[in-house]
Amino acid sequence: MREIHVIGLASDGKFIVCADSSGEKFRLPADEKLRAAARGDAARLGQIEIEMDSLMRPREIQARIRSGASIEQVAKESGMPASKIERYAHPVLLERSRAAELAQQGHPVRPDGPAVMTLLEIVTQAFRGRGHTMESAEWDAWRDEDGHWIAQLTWPAGRHTNTAHWRFQPDAHGGSVTPLDDAASELVDPDFGRQLRGLAPVAAVQDAPSQQTLDDYYGVDSDSDREDAAVLDAAAAAPSPSEDASAGAETADDSAEDASDRDPRPKPAPAHPAAKDKRGKPSMPSWEDVLLGVRSNGR
């Protein structure tokens with residue numbers, strides 16, 4: 001290995017000019033790696049080597065993880081081993097997990113305003129009504145292009161896997177979550193899946209069959225049947241209305257006379273003329289007569 005020494009800085013300031021003992025000149029790029037080596041910073045020098053070996057920088061790796069990518073996806077895209085990706089992804093994964101927990105404590109936004117219950121409580125009730133369990137569900141969160149946190153819920157349903165997404169907006173009161181798809185809206189909708197109460201048709205009441213009486217069983221007529229027959233016979237023997245009218249006209253006068261003779265009601269007493277004085281005027285009762293209720297004429 002030949003030794004070289006620094007001669008100076010290139011005119012553009014991007015390279016350092018060096019030369020060996022024979023006078024042959026060399027140049028080195030004045031980059032971060034050379035500065036770390038000159039300072040003796042081995043840790044920074046090793047990190048720079050990793051960055052140079054990969055196609056993605058640590059900041060780019062963390063940005064991809066924060067936007068929802070997994071370690072396996074980033075490793076496949078960058079060509080780096082997953083063990084090196086985990087070194088930069090671990091703090092970002094903790095941040096996503098914390099955001100998912102906060103989103104579960106948020107209040108879903110409905111047409112009539114934010115719900116009183118939290119997202120986790122409402123989803124738990126919805127799962128119980130649909131026969132699902134929260135143990136099989138998984139929560140996750142990531143940031144979208146606009147910088148908003150997106151909460152995701154994944155759960156199996158038969159042979160399929162369902163997902164629901166909400167936009168989480170943190171605040172001092174627990175934050176609010178807004179549904180972003182139909183699955184998320186159905187989970188927080190209190191009326192979704194509720195059976196409507198219907199009215200069952202009322203069957204027509206059939207007439208009960210007539211019961212056989214004892215008279216029908218023994219073949220005899222009851223007293224009421226005999227009375228009805230007697231009434232029909234009497235009606236047949238009664239005279240016609242024209243005959244009744246002529247007979248009634250003949251006996252009307254006699255009945256009137258007999259009624260006047262047999263009238264027990266007393267006849268009204270004849271009215272007595274009011275007492276008058278000598279001049280022909282009604283007499284004025286005295287004060288004693290008024291108090292005692294006696295008339296002046298003694299009646």
Worksheet item: Which residue pairs satisfy the ring-ring contact (aromatic ring centres under 6.0 Å, His included) criterion with at least one member in residues 98-128, sequence neighbours excluded?
Response: Phe127-His132, Phe127-Trp155
Worksheet entry | Minimum-distance pair of heavy atoms, taken over all atoms of Ser67 and Trp142 | O-CD1, 3.3 Å
Worksheet item: How about Arg59: does its CZ atom have over 12 heavy atoms from other parts shown lying under 6.0 Å from it?
Response: no
Worksheet entry | Cluster check Val109, Val188: I/L/V/M/F/W/Y, side chain < 4.5 angstrom | no
Discussion item. List the residues meeting side-chain contact (heavy atoms from CB on, under 4.5 Å) with Asp12, not counting sequence neighbours, and say none if there are none.
Written reply: Ala10, Lys14, Phe15
Worksheet, complete the sentence: salt bridge (charged side-chain N to carboxylate O under 4.0 Å, His left out) pairs touching residues 17-29, sequence neighbours excluded, are Arg2-Asp20, Arg2-Glu24
Worksheet entry | Other cluster members, Ile7 - Ile/Leu/Val/Met/Phe/Trp/Tyr, side-chain contacts below 4.5 Å | Val17
Discussion item. If the condition is side-chain contact (heavy atoms from CB on, under 4.5 Å), which residues does Pro81 pass it with, not counting sequence neighbours?
Written reply: Ser83, Lys84
Practice prompt. For the pair Met134 and Leu120, evaluate side chain to side chain contact (heavy atoms under 4.5 Å, CB included) and give the outcome as yes or no after the intermediate values.
Written response: CA-CA 10 Å; Met134 292 300 299; Leu120 180 60; 3.9 Å; yes
Discussion item. Please evaluate residues Ile61 and Ser78 with respect to the criterion side chain to side chain contact (heavy atoms under 4.5 Å, CB included), reporting the C-alpha separation (whole Å), side-chain torsions for both, the decisive distance (0.1 Å), and the verdict.
Written reply: CA-CA 9 Å; Ile61 295 174; Ser78 62; 5.6 Å; no
Worksheet item: Considering all heavy atoms of both residues, which atom of Pro179 and which atom of Val177 are nearest to each other, and what is their separation?
Response: CD-O, 4.1 Å
Discussion item. Going by side-chain contact (heavy atoms from CB on, under 4.5 Å), name the residues that satisfy it together with Gln73, two or more places apart in sequence or in a different chain.
Written reply: Ala69, Ser70
Fill in: Linked hydrophobic residues, Leu94 as query - side chain contacts closer than 4.5 Å
none
Discussion item. As a quick check of understanding, evaluate side chain to side chain contact (heavy atoms under 4.5 Å, CB included) for Leu119 and Trp139, giving each step before the final call.
Written reply: CA-CA 12 Å; Leu119 177 62; Trp139 291 91; 3.9 Å; yes
Item to complete: Please report the closest heavy-atom contact between Leu153 and Val123, naming both atoms and the distance.
Response: CD2-CG1, 3.6 Å
Response to the item:
For residues 89-98, the side-chain hydrogen bond (donor to acceptor under 3.5 Å, both in side chains) pairs (sequence neighbours left out) are Arg66-Glu95, Arg96-Asp140, Arg98-Glu101
Practice prompt. Take Ile122 and Arg110, measure what side chain to side chain contact (heavy atoms under 4.5 Å, CB included) needs, and give me the verdict at the end.
Written response: CA-CA 12 Å; Ile122 294 177; Arg110 294 172 176 171; 3.4 Å; yes
Worksheet item: What residues, two or more places apart in sequence or in another chain, satisfy ring-ring contact (aromatic ring centres under 6.0 Å, His included) together with Phe168?
Response: none
Worksheet item: How would you list all residue pairs meeting side-chain hydrogen bond (donor to acceptor under 3.5 Å, both in side chains) that involve residues 164-180, not counting sequence neighbours?
Response: Gln152-His165, His165-Asp181
Worksheet item: Can you tell me how far CG of Asn162 sits from CG of Asp182, rounded to the nearest 0.5 angstrom?
Response: 12.0 Å
Worksheet item: Roughly how far, to the nearest 0.5 Å, is the CD1 atom of Ile150 from the CG atom of Asp144?
Response: 4.5 Å
Fill in: Heavy-atom closest pair, residues Ala103 and Ala151
CB-CB, 3.6 Å
Discussion item. So, using salt bridge (Lys or Arg N to Asp or Glu O under 4.0 Å) as the criterion, who are the partners of Arg159 when residues are at least two apart?
Written reply: none
Worksheet entry | side-chain contact (heavy atoms from CB on, under 4.5 Å) involving Pro156 - partner list, sequence neighbours excluded | Ser136
Discussion item. Looking at Arg64 and Glu60, would you say the former's side chain and the latter's main chain have a donor-acceptor pair under 3.5 Å?
Written reply: no
Worksheet item: If only atom types and distance count, is the side chain of Glu121 paired as donor or acceptor with the main-chain N or O of Thr118 below 3.5 Å?
Response: yes
